[in-house]
Amino acid sequence: MTSLSDTSCLTGHSVLVTGASGAIGQAIVKRLLADGAVVFAAGRNETTLQKLSETDPARIVPLVYDIADEQAVKAAFRTIQSKQSDPAVGSLIGLVNNAGVMDEASLMLSSLDAVKHQLNVNFLAAYQHMQLAARLMARLKQGAIVNVVSQVGEQGSAGMSAYAASKAALTGATKALAKELASTGIRVNAVAPGFIDTSLTEHYDDKAKEAVLSRTAFNRAGTPEQVADAVGFLMSSASSYTSGHVFPVDGIFHP
Amino acid sequence: MTNQEKLTQAFCDALGIGPDQVKDDLQYNTIKEWDSTAHMVLISELENTFDVMLDTDDIIDMSSVAKAKEILAKYDVSF
Ligand SMILES: NC(=O)c1ccc[n+]([C@@H]2O[C@H](COP(=O)([O-])OP(=O)(O)OC[C@H]3O[C@@H](n4cnc5c(N)ncnc54)[C@H](OP(=O)(O)O)[C@@H]3O)[C@@H](O)[C@H]2O)c1
C-alpha cells in the first residue's frame with residue numbers, strides 16, 4: 001500500500017498509540033510517523049519504547065504506564081494535555097487502542113481473575129482512553145479513534161471466550177461511539193486482524209499454526225505492517241466518510 | 001481576564017451562546033445549545049482554559065454554571 005500522507009492531515013498533530021512496544025504497535029507507530037504525525041508511544045516496557053523513540057526522537061514521545069491502572073492513565077493524559085500547545089507536538093487528533101492481552105483457556109479452565117484481566121486491559125482501559133482522548137479532540141471538533149479488535153471477537157473461537165468477549169465489547173463500543181461522537185467530528189473505527197505473527201501468537205507450535213492457517217483462505221499469516229496500513233487508512237482523511245466500521249485484516253479467516 | 005470572564009468565554013465558545021446567557025442558574029439540557037454533545041465540548045473547553053483534568057464524577061455533576069464554579073474551585077480555580 002502506498003503512503004496516504006498526501007491526504008492524511010496528520011502533519012502538525014499528534015496521535016496516541018497504546019501497546020506501542022509490541023509488534024503491531026511498533027508497525028503502527030512507523031506508519032503514523034510516515035503519515036506525518038507526532039506519536040505518543042505507550043507501553044510498559046520502557047527499554048523497548050526508549051529504543052523505538054531513538055529512531056525519531058523529535059516525533060516519538062514515549063509514555064510508560066500500565067493501561068489497567070486508572071490513575072496512571074489519567075497521569076498520561078495530563079502529560080499529553082500539557083503538550084497540546086507545543087507546536088513541536090501539536091494537538092491530539094488520534095488514538096489507537098492497540099494494547100491487548102490474550103489468555104487462551106476453555107470455559108472450565110478460565111480463572112475469573114484471568115477473565116477480569118482481559119476485560120480490564122482489552123476493554124475497560126480502551127474505554128477510559130476513548131473518554132479522555134475524546135475530550136481533548138472535542139474542542140477541535142475533529143479526531144479519529146481506531147480500536148484494534150480481533151476476528152476471534154467478531155466470529156468467536158473455541159477456547160478463547162474471555163478474549164473474544166473482551167474484544168467484542170470493544171467492537172460494540174466502537175459502533176455505539178461512532179454514532180455518539182459523529183456530531184463532534186470524531187470518527188471511531190476498528191481493525192480486526194486474523195492471525196498475525198507476533199509475540200501474542202508465538203506460543204503456537206507448527207501444528208497449531210497450521211491448523212489456524214488451514215482456516216485462513218489466504219493460507220498464510222498476516223504481518224504487523226498490514227494491520228498498520230489499515231490503521232493508517234482509518235486514521236487518515238482518506239477515510240473521512242467512514243465511521244463505526246470494523247475493517248478486517250485477516251486473509252479471510254474463520255476461527 | 002478574570003476567572004469569571006474566562007469561564008463565561010468557555011461557555012460561550014462551547015455552547016455558541018452570548019455572554020448575557022451565562023448566568024449561575026443556567027442549567028444543562030434546559031436550552032437546546034447545552035445538550036450532551038455541547039457538554040463534552042464544554043468540558044474540553046474548561047479543561048483547556050483552566051489547565052485541569054476533571055474527574056468523571058465531576059463531569060456528571062456539572063449541571064449548571066454555578067455547579068461548574070463549585071467544581072472548578074476543587075481544582076484550585078477561584079471565582
Ligand atoms: N497477533 C495477532 O494474531 C492478533 C490478532 C488479532 C488481534 N490482535 C490484537 O493486536 C493488538 C496488538 O497485539 P500484538 O500481536 O502486537 O501483541 P504483542 O506484541 O504481545 O503486543 C501487546 C502490546 O500490549 C501492551 N500491553 C499489554 N498489557 C498492557 C498493560 N497492562 N499496560 C500497557 N500495555 C500493555 C504490551 O506492552 P508492554 O509489553 O510494554 O507491556 C504490548 O505493547 C492486541 O490488542 C491484540 O489483541 C493480535
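This one's a predicted model, so the numbers in the text were calculated from it and none came from an experiment. Hydrogens, waters and symmetry mates are skipped; everything else that's a heavy atom, side chains included, is used. Chain A is the first sequence line, chain B the second, and so forth, proteins listed ahead of strands; every chain is numbered from 1.
Shown are B:N48, B:I43, B:L46; of these, the side chain to side chain contact (heavy atoms under 4.5 Å, CB included) with A:R135 is made only by B:I43.
Within the 4.5 angstrom heavy-atom criterion, only side-chain atoms of B:I59, from C-beta onward, approach chain A. Looking at B:T56, only its side chain comes within 4.5 Å of chain A, counting heavy atoms on both sides. Only the side chain of A:L132 has a heavy atom closer than 4.5 Å to any heavy atom of chain B. With a 4.5 angstrom heavy-atom cutoff, A:K141 touches chain B only via side-chain atoms.
More than 12 heavy-atom neighbours from other residues, nucleotides or ligands sit within 6.0 angstrom of NZ on B:K69. A 6.0 Å sphere centred on OH of B:Y28 holds more than 12 heavy atoms belonging to other residues, nucleotides or ligands. Annotation for B:Q4: atom CD counts as buried by contact number, over 12 foreign heavy atoms lying within 6.0 Å. Within a 6.0 Å sphere centred on CD of B:E33, heavy atoms belonging to other residues, nucleotides or ligands number more than 12.
Heavy atoms only, all atoms of each residue included: A:S183 and B:T37 are closest at OG-OG1, 3.1 Å. Shown here for B:D51 and A:R78, the closest heavy-atom pair between the two residues is O-NH2, 2.8 Å.
Under the 3.5 Å distance criterion, the side-chain polar atoms of A:Q81 are matched with a main-chain donor or acceptor of B:V52.
One finds no salt bridge joining A:R139 and B:D13 here, because no Lys/Arg side-chain nitrogen approaches an Asp/Glu carboxylate oxygen to under 4.0 Å.
Here the CD1-CE distance, from A:I80 to B:M53, works out to 8.0 Å after rounding to the nearest 0.5 Å. From B:E47, atom CD reaches atom CD of A:Q84 across 11.0 Å, with rounding to the nearest 0.5 Å.
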